[in-house]
Amino acid sequence: MAVLTVLCFFLALGLGAYRISPETVFRTLFSIGAEDIRPNIRTTLFHVRLPRILMSMLAGAGLAASGAAFQSLFANPLATPDTLGVANGASFGAALGLLLGQGAFAVQGMALLSGLAAVGWVFLIARSFSPNRGASLLRLILSGLVVSSLFSALVSLVKYVADPQDTLPVITFWLMGRFSSVTRRTLLVSLPLILAGTLVIYCLRFRLNALSLPEEEARSLGLNLRRLRVLVVLAASMTTAAVVAGCGVIGWVGLLIPHICRLLFGQDNRQVVPASILFGAFFMLSADTLSRTATTSEIPVSILTAVIGAPVFMALMRKAGGDV
């Protein structure tokens with residue numbers, strides 16, 4: 001999968017409305033015979049395609065790792081990176097920034113802060129039900145549903161008051177999820193958070209197996225379950241918020257990819273998490289490349305992930321006998 005991802009990376013750099021041969025891509029990236037390379041090729045590769053391709057790989061890897069972590073943490077095969085409402089929270093921040101006429105960098109910052117604030121609110125609500133016992137998994141899920149629904153309503157409110165001729169189309173298009181507006185500055189903001197959150201999940205992959213055990217059995221292994229759960233939730237939520245802030249809402253990746261990896265490698269998260277990271281990067285990069293090359297006008301990548309993800313997920317259910 002790592003080899004396929006690298007090959008797809010070089011292939012994607014050359015594909016598009018302006019085709020570049022693989023040899024030229026390789027020479028440009030590694031500065032071999034640089035004096036013969038035209039400036040427009042450098043601009044296309046380094047300022048347009050490379051940030052977009054790196055962002056798509058990071059988004060796919062981060063969402064897939066977050067989905068695998070949440071499915072193990074909540075022992076729920078339908079858990080996704082948005083289980084605790086971080087995507088809707090980030091969507092509200094971005095929609096509000098667009099409504100206020102902010103620039104791209106400010107919109108990304110507002111989306112990131114709003115997504116993280118949504119997760120913090122989930123913890124506060126969950127703890128308020130039983131302050132002495134902390135936030136249990138069930139209360140976290142229920143609180144996530146409440147917060148997610150609230151932010152979804154706030155997004156609808158922003159769209160309702162937005163100018164239908166000017167601002168509303170921008171908000172609607174952004175919420176679809178796309179990589180077309182990704183720049184090096186966008187990548188600079190999202191990259192550290194996505195890498196940090198994904199790395200934390202990767203380092204905790206062996207402990208995710210213990211989190212799926214009954215609570216008493218997991219405690220007998222000497223784990224601080226409360227601290228571990230908070231760490232996993234924060235890492236996955238930070239990753240998801242950074243992805244949504246950088247490229248909008250993209251569904252199915254965090255649900256579909258971990259299930260594919262479990263069918264291939266079993267239930268052990270020591271294999272599932274790294275496989276999800278690689279397969280998620282490959283899947284998102286392939287979907288984004290297809291979205292910008294299949295037709296003359298670009299298709300929002302979230303539409304492709306849903307069109308591909310739904311039938312594939314049904315095929316997985318059929319193969320697993322309905323017990324995905």
[X] with [Y], same ILVMFWY side-chain cluster at under 4.5 Å:
{"X": "Met110", "Y": "Met238", "value": "no"}
{"X": "Leu278", "Y": "Val6", "value": "yes"}
{"X": "Val301", "Y": "Val312", "value": "yes"}

As an exercise, state the distance from [atom1] of [X] to [atom2] of [Y], rounded to the nearest 0.5 Å.
{"X": "Leu78", "Y": "Leu255", "atom1": "CG", "atom2": "CG", "value": "6.5 Å"}
{"X": "Trp121", "Y": "Ile125", "atom1": "CH2", "atom2": "CD1", "value": "5.5 Å"}
{"X": "Leu304", "Y": "Ser291", "atom1": "CG", "atom2": "OG", "value": "6.0 Å"}
{"X": "Leu4", "Y": "Met1", "atom1": "CG", "atom2": "CE", "value": "5.5 Å"}
{"X": "Ser152", "Y": "Leu145", "atom1": "OG", "atom2": "CG", "value": "12.0 Å"}
{"X": "Leu234", "Y": "Leu116", "atom1": "CG", "atom2": "CG", "value": "9.0 Å"}

Check whether the side chains of [X] and [Y] place a donor and an acceptor atom closer than 3.5 Å, and report yes or no.
{"X": "Thr24", "Y": "Ser21", "answer": "yes"}
{"X": "Arg185", "Y": "Gln108", "answer": "no"}
{"X": "Thr183", "Y": "Thr186", "answer": "yes"}

### Task
For Asp82 and Ser148, run side chain to side chain contact (heavy atoms under 4.5 Å, CB included): C-alpha distance rounded to whole Å, both residues' side-chain angles, the deciding distance at 0.1 Å, then the answer.
CA-CA 8 Å; Asp82 190 35; Ser148 181; 4.2 Å; yes
Please answer whether the main-chain N or O of [Y] pairs with a side-chain N or O of [X] as donor and acceptor at a distance below 3.5 Å.
{"X": "Arg49", "Y": "Leu13", "result": "yes"}
{"X": "His259", "Y": "Leu316", "result": "no"}
{"X": "Ser190", "Y": "Val243", "result": "no"}
{"X": "Thr83", "Y": "Ala79", "result": "no"}
{"X": "Asn88", "Y": "Phe151", "result": "no"}
{"X": "Ser114", "Y": "Gly89", "result": "yes"}
{"X": "Asn224", "Y": "Arg227", "result": "yes"}
{"X": "Thr43", "Y": "Asn40", "result": "no"}

Would you mind reporting whether [Y] and [X] have side-chain heavy atoms less than 4.5 Å apart?
{"X": "Leu50", "Y": "Leu54", "answer": "yes"}
{"X": "Ile257", "Y": "Trp252", "answer": "no"}
{"X": "Asp268", "Y": "Phe206", "answer": "no"}
{"X": "Thr239", "Y": "Leu63", "answer": "no"}
{"X": "Phe283", "Y": "Ile308", "answer": "yes"}
{"X": "Val200", "Y": "Val232", "answer": "no"}
{"X": "Val253", "Y": "Ile250", "answer": "yes"}

### Query
Can you tell which of Leu140, Val86, Leu124 makes a side-chain contact (heavy atoms from CB on, under 4.5 Å) with Val119?
Val86
### Task
In sequence, state the C-alpha distance, the side-chain angles, and the governing distance for Val147 and Leu84, and then conclude on side chain to side chain contact (heavy atoms under 4.5 Å, CB included).
CA-CA 8 Å; Val147 172; Leu84 300 184; over 6 Å; no
### Query
If you draw the axis of the six-membered ring of Phe46, does the NZ or CZ of Arg42 fall within 45° of it and under 6.0 Å from the ring centre?
no
### Task
Using the ring-ring contact (aromatic ring centres under 6.0 Å, His included) rule, take Phe74 and Phe70 through it: C-alpha gap first, then chi angles, then the decisive distance, then the call.
CA-CA 6 Å; Phe74 297 118; Phe70 273 173; 5.3 Å; yes
### Summary
Leu168 meets the side-chain contact (heavy atoms from CB on, under 4.5 Å) criterion, sequence neighbours left out, with Lys159, Ala162, Pro164, Thr172
### Query
Only one of Arg205, Gln267, Arg262 forms a side chain to side chain donor-acceptor pair (under 3.5 Å) with Ser72, so which one is it?
Arg262
### Task
Walk me through it: do Ile41 and Tyr18 pass the test side chain to side chain contact (heavy atoms under 4.5 Å, CB included)?
CA-CA 9 Å; Ile41 294 179; Tyr18 180 56; 3.5 Å; yes
### Task
Quick one: list whatever passes salt bridge (Lys or Arg N to Asp or Glu O under 4.0 Å) with Glu298, sequence neighbours left out.
Arg52
